[in-house]
There are 4 protein chains.
Amino acid sequence: MPDGKSVTDETMTAKPVRKRDSAGTRARILNVATREFANKGYEGAKTDDIADRARINKRMIYHYFSSKEQLYLTVLEAAYDRARSAEQKLELEQVAPLEALTRFTEFTFDSFVRDRTFINLLATENRQRAKVLKKSAQVNTMNSPVIDAIGRIIARGTADGSIRDGLDARQLWITIIGICYFFFSNIYTLSVIFDSDMEAAGSIAERRAHVVEFVLRGVKA
Amino acid sequence: MPDGKSVTDETMTAKPVRKRDSAGTRARILNVATREFANKGYEGAKTDDIADRARINKRMIYHYFSSKEQLYLTVLEAAYDRARSAEQKLELEQVAPLEALTRFTEFTFDSFVRDRTFINLLATENRQRAKVLKKSAQVNTMNSPVIDAIGRIIARGTADGSIRDGLDARQLWITIIGICYFFFSNIYTLSVIFDSDMEAAGSIAERRAHVVEFVLRGVKA
Amino acid sequence: MPDGKSVTDETMTAKPVRKRDSAGTRARILNVATREFANKGYEGAKTDDIADRARINKRMIYHYFSSKEQLYLTVLEAAYDRARSAEQKLELEQVAPLEALTRFTEFTFDSFVRDRTFINLLATENRQRAKVLKKSAQVNTMNSPVIDAIGRIIARGTADGSIRDGLDARQLWITIIGICYFFFSNIYTLSVIFDSDMEAAGSIAERRAHVVEFVLRGVKA
Amino acid sequence: MPDGKSVTDETMTAKPVRKRDSAGTRARILNVATREFANKGYEGAKTDDIADRARINKRMIYHYFSSKEQLYLTVLEAAYDRARSAEQKLELEQVAPLEALTRFTEFTFDSFVRDRTFINLLATENRQRAKVLKKSAQVNTMNSPVIDAIGRIIARGTADGSIRDGLDARQLWITIIGICYFFFSNIYTLSVIFDSDMEAAGSIAERRAHVVEFVLRGVKA
DNA sequence: AATGAATGAGTCTTCATTCAT
DNA sequence: AATGAATGAAGACTCATTCAT
């Protein structure tokens with residue numbers, strides 16, 4: 001689920017505005033929009049700001065994406081796509097079952113350390129009850145490859161006696177993601193409540209160790 | 001953390017608007033505002049709507065809360081307060097350590113089944129990096145009682161050999177909340193992705209059983 | 001149908017903007033809007049202009065009328081109302097049948113000389129196939145009083161032998177209005193085509209004489 | 001004045017877009033534009049829509065017509081041209097004067113039954129006080145042939161005693177057109193006001209009979 | 001305590017038109 | 001001849017907040 005690569009900020013490195021660069025303009029809008037929607041939510045992101053920061057005429061947003069909502073949906077779909085692609089690069093079939101689950105947990109955790117764009121987009125989208133994501137034609141079966149991979153790990157593990165019985169792939173996936181996710185999705189309120197900086201390297205390392213151990217104990221035979 | 005009681009909808013049962021009912025007016029605003037901020041986020045909630053639904057003059061919002069942000073902060077603080085109160089009613093000291101942790105996990109899970117207002121408020125607040133919560137004078141040490149309670153359970157458990165070594169109370173608390181939280185915070189996007197209704201009673205029961213078992217295996221010696 | 005009183009221009013005579021004058025503000029918006037919709041059509045009229053000319057904040061239009069379309073509908077209904085009121089002041093029952101029809105024809109013609117606001121509103125509304133007027137709750141039986149009056153004149157006239165047989169009140173009403181209406185509704189294009197100023201007093205007087213005589217010949221026995 | 005032929009819809013029958021078909025492209029734009037201006041008025045018609053429906057690049061509108069206003073003027077001129085051509089096909093000189101006027105009245109009425117494009121264009125143009133038509137170099141004397149023809153009919157009729165004295169050709173023309181025109185130009189608002197469908201075949205037949213008889217009584221000796 | 005009127009600065013979206021190819 | 005990219009100005013409508021009573 002988490003994305004392996006963060007959204008690169010084209011505005012930082014962009015050359016002086018190119019005239020008539022269709023693909024480039026579209027990509028620049030999409031990158032900026034991803035950042036804005038992630039940082040400010042759907043309502044909080046402003047088309048004016050997106051246009052300014054992408055250094056294009058506001059009209060172009062409508063030329064390429066036809067509405068704020070369509071732009072947002074495209075952003076969402078691209079985020080899911082990045083996440084899926086990253087997961088597929090993990091080579092979990094070649095290693096021992098417990099090692100594979102450890103690797104998947106660490107990968108998930110680390111991807112949230114690197115970039116929380118996707119978390120923020122999901123928060124916004126769930127707040128509006130997936131109103132927009134429901135309209136996506138391509139997203140609804142996106143997750144099966146990962147679930148299948150985890151299912152195969154569980155099967156191997158129960159066969160060789162390293163993993164306990166009764167584990168469901170989907171439930172396990174939700175659990176691993178969830179244990180990693182909550183810490184990061186709520187890192188700001190947790191920092192206030194505990195009155196300590198959860199983003200500090202020490203806090204993160206401590207959390208990572210706990211998570212990995214907890215997951216391992218939860219799955220092993 | 002989760003709140004035991006959901007916000008009751010005063011607008012449903014309210015008598016014809018009472019003139020000059022200071023406490024009632026204030027409470028009605030607060031209830032409506034809680035619902036609006038939870039359902040629509042900070043930016044999405046409109047003072048006009050809150051006034052309309054609380055059947056008061058918009059000016060009253062400013063009379064009692066001085067600004068939209070102050071109103072929102074009050075809503076947030078009240079939500080934390082409800083959550084803390086509910087947790088304190090759990091009697092975890094009297095039962096065996098593993099039983100106490102089971103009970104806490106189930107309570108957390110069930111509170112999210114009942115009402116997800118708090119989850120939504122937290123999503124909104126984290127999206128804006130706890131900008132508003134930081135201004136709260138009362139929230140920042142609110143969580144210690146629960147953490148302390150969990151610490152005492154762990155101590156009892158390691159002493160009687162039922163709980164494994166090396167468990168940190170705060171980490172465990174985050175883990176238990178997180179395993180419950182993610183399923184509910186992302187229930188809408190998960191429903192789309194898995195193309196099945198996660199809010200259905202069956203899905204929830206299945207999830208609950210998995211969560212309780214996973215936590216137990218994660219903590220026992 | 002034609003209105004007896006034209007819309008008076010409040011902006012011309014208005015005192016310095018009164019604070020908190022609900023009725024006055026509403027009336028000023030309505031007057032200005034009537035002029036704008038009549039002169040520029042529904043699409044051509046701009047809410048910004050209406051606000052500027054009524055010297056109010058644009059937000060007030062939405063406060064009092066909730067949308068451009070509702071404002072336009074209110075303008076339309078008020079125009080029909082003025083027209084009906086004016087017609088009801090004609091005392092057609094007391095005079096001889098042919099004299100009564102003459103008087104009605106002259107009144108109709110003269111009302112268009114005075115003010116063509118209503119004609120313009122009707123042109124706009126018919127261009128959009130009465131889309132908005134259809135939504136009016138009050139307009140659909142507005143015309144019966146006039147038709148009834150004309151019906152009684154025809155009855156008296158056929159009884160005393162001054163008016164020919166076979167005249168239908170509704171058809172006659174449409175005919176009289178129509179003979180007057182077309183000249184005024186198309187006065188600008190007619191002026192171009194005939195390359196002469198149809199708004200000149202001479203053109204109007206000539207037309208009036210023709211119309212009255214033509215109607216009389218059309219109805220008398 | 002009314003057009004005998006309605007604007008045929010080229011978009012319906014068009015072959016797959018021909019590249020480099022100058023005359024065809026121009027004609028297609030003109031047909032679509034006529035429909036759009038008639039149905040939506042000058043302000044309501046959008047160049048984007050016209051381009052889409054004519055299945056051409058928007059730039060072509062500017063290539064062939066240089067501006068929205070020029071396009072609209074061309075549409076107007078073509079409409080007048082069609083109307084004049086149709087009238088000239090009537091052979092009014094060969095028949096008896098009253099028969100000739102009957103035929104002209106029926107022709108006018110029927111042309112509005114067939115197509116009200118011209119009526120709609122005139123409504124729009126008069127609403128803007130013929131601002132655009134005034135710029136036409138060719139329209140301003142277009143109507144004389146019909147007026148002349150009616151003049152000759154009146155002359156023949158007064159000579160043979162079938163038509164009354166004192167009829168002015170231009171006034172009569174305006175009257176005949178007007179009696180027909182108003183019913184159709186206001187057919188939508190009349191339908192609402194009388195709460196009955198004026199476009200129904202019965203309503204139209206009834207109206208036609210009334211009009212023809214009324215005109216005849218208005219002109220005969 | 002309570003209210004409705006009023007406001008200025010946005011907010012998404014659309015438009016006619018021009019540019020580069 | 002034909003196209004898609006690009007633009008600046010405006011358009012309907014909204015928002016949190018303040019004023020006058």
Side-chain angles (χ1 to χ4, degrees), chain A residues 17-26 43-51 55-69 71, chain B residues 17-26 42-51 55-69 71, chain C residues 17-26 43-51 55-69 71, chain D residues 17-26 43-51 56-69 71:
Chain A
V17 174
R18 294 144 295 198
K19 300 261 173 170
R20 311 190 64 72
D21 172 6
S22 178
T25 300
R26 205 192 116 99
E43 329 258 0
K46 310 299 176 189
T47 54
D48 273 342
D49 290 353
I50 293 171
R55 285 164 303 109
I56 47 106
N57 186 282
K58 199 176 6 169
R59 186 63 182 76
M60 287 292 95
I61 292 177
Y62 295 88
H63 184 64
Y64 287 110
F65 300 96
S66 72
S67 74
K68 185 184 182 182
E69 190 180 290
L71 172 57
Chain B
V17 175
R18 295 143 295 199
K19 301 261 170 176
R20 322 226 147 217
D21 172 4
S22 178
T25 299
R26 202 190 118 100
Y42 181 74
E43 330 258 0
K46 310 298 175 189
T47 54
D48 273 319
D49 290 352
I50 294 171
R55 286 164 304 110
I56 47 105
N57 187 281
K58 195 165 29 155
R59 188 65 185 75
M60 287 295 94
I61 293 176
Y62 293 88
H63 182 67
Y64 285 112
F65 300 97
S66 72
S67 76
K68 185 184 182 183
E69 190 180 290
L71 171 58
Chain C
V17 174
R18 293 144 295 197
K19 300 263 173 171
R20 312 190 64 72
D21 172 5
S22 178
T25 300
R26 205 192 116 99
E43 330 258 0
K46 310 298 175 190
T47 54
D48 273 340
D49 290 353
I50 293 171
R55 283 162 306 109
I56 47 106
N57 187 284
K58 197 177 9 168
R59 187 64 182 76
M60 288 293 95
I61 292 177
Y62 295 89
H63 183 63
Y64 287 111
F65 300 96
S66 73
S67 76
K68 186 185 181 182
E69 190 180 289
L71 172 58
Chain D
V17 175
R18 296 142 294 201
K19 301 260 171 178
R20 320 227 150 217
D21 172 3
S22 178
T25 299
R26 203 191 118 100
E43 329 258 359
K46 311 297 175 189
T47 54
D48 272 320
D49 290 352
I50 294 171
I56 47 105
N57 186 280
K58 197 167 26 159
R59 189 65 185 76
M60 287 294 95
I61 293 176
Y62 293 87
H63 183 67
Y64 286 112
F65 300 96
S66 73
S67 76
K68 185 185 182 182
E69 190 179 289
L71 171 58

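Throughout, a chain's letter reflects where its sequence line sits, starting with A, and its residues are numbered from 1.
- Residue whose closest nucleotide on DNA chain E sits further toward the 5' end, between Ile56(C) and Tyr62(A): Ile56(C).
- At a threshold of 4.0 angstrom between heavy atoms, the contacts of Tyr64(A) are confined to the sugar-phosphate backbone, with no base atom among them.
- Closest non-hydrogen pair, Lys46(B) versus Glu43(B), comes out as NZ-O, 3.1 Å.
- The nearest pair of heavy atoms linking Lys68(A) to Tyr62(A) is N-CE2, 4.3 Å.
- Contact detail for Ile50(C) and Leu71(C): the closest heavy-atom pair is CD1-CD2, 4.2 Å.
- Each of dT13(E), dA16(E), dT7(E) was ranked by its minimum atom distance to the side chain of Lys68(D); first place goes to dA16(E).
- Nearest nucleotide to the Ser67(C) side chain, out of dC13(F), dT13(E), dT17(E): dC13(F).
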Inset, instruction - Map every base of DNA chain F to its dot-bracket character, where paired means a Watson-Crick or G-U wobble contact with both distances under 3.5 Å and | marks a partner outside the strand. - result: .||||||||||||||||||||
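- What you find for Ala51(C) and Asn57(C) is that their closest heavy atoms are CB-C, 4.4 Å.
- In this structure, Arg59(C) places its CZ atom 8 Å from P of dC15(F), rounding to the nearest Å.
- Straight-line distance from the CE atom of Met60(B) to the P atom of dA16(F): 18 Å, rounded to whole Å.
- For Tyr42(B), the ring-ring contact (aromatic ring centres under 6.0 Å, His included) test picks out Phe37(B), Tyr72(B), with sequence neighbours left out.
- Distance from the side chain of Ser22(C) is smallest to dA5(E) among dT3(E), dA5(E), dA6(F).
- Checked against dA2(E), dT7(F), dG4(F), the side chain of Asn57(A) finds its nearest nucleotide in dT7(F).
- Nearest-nucleotide positions on DNA chain F place His63(A) closer to the 5' end than the other of Tyr42(B) and His63(A).
- Atom OG of Ser67(B) and atom CD1 of Ile61(B) lie 10.5 Å apart (nearest 0.5 Å).
- Applying a 4.0 Å cut-off to non-hydrogen atoms, none of the residues of residues 43-51 of chain A approaches DNA chain F.
- In this structure, Thr47(B) OG1 and Lys58(B) NZ are separated by 5.0 Å, a value rounded to the nearest 0.5 Å.
- The base of dT17(E) sits with one of its N or O atoms less than 3.5 Å from a complementary donor or acceptor on the side chain of Lys58(D).
- Contact detail for Ile56(C) and Thr25(C): the closest heavy-atom pair is CG2-CG2, 3.6 Å.
- Rounded to whole Å, the distance from CZ on Phe65(B) to C1' on dT17(F) is 16 Å.
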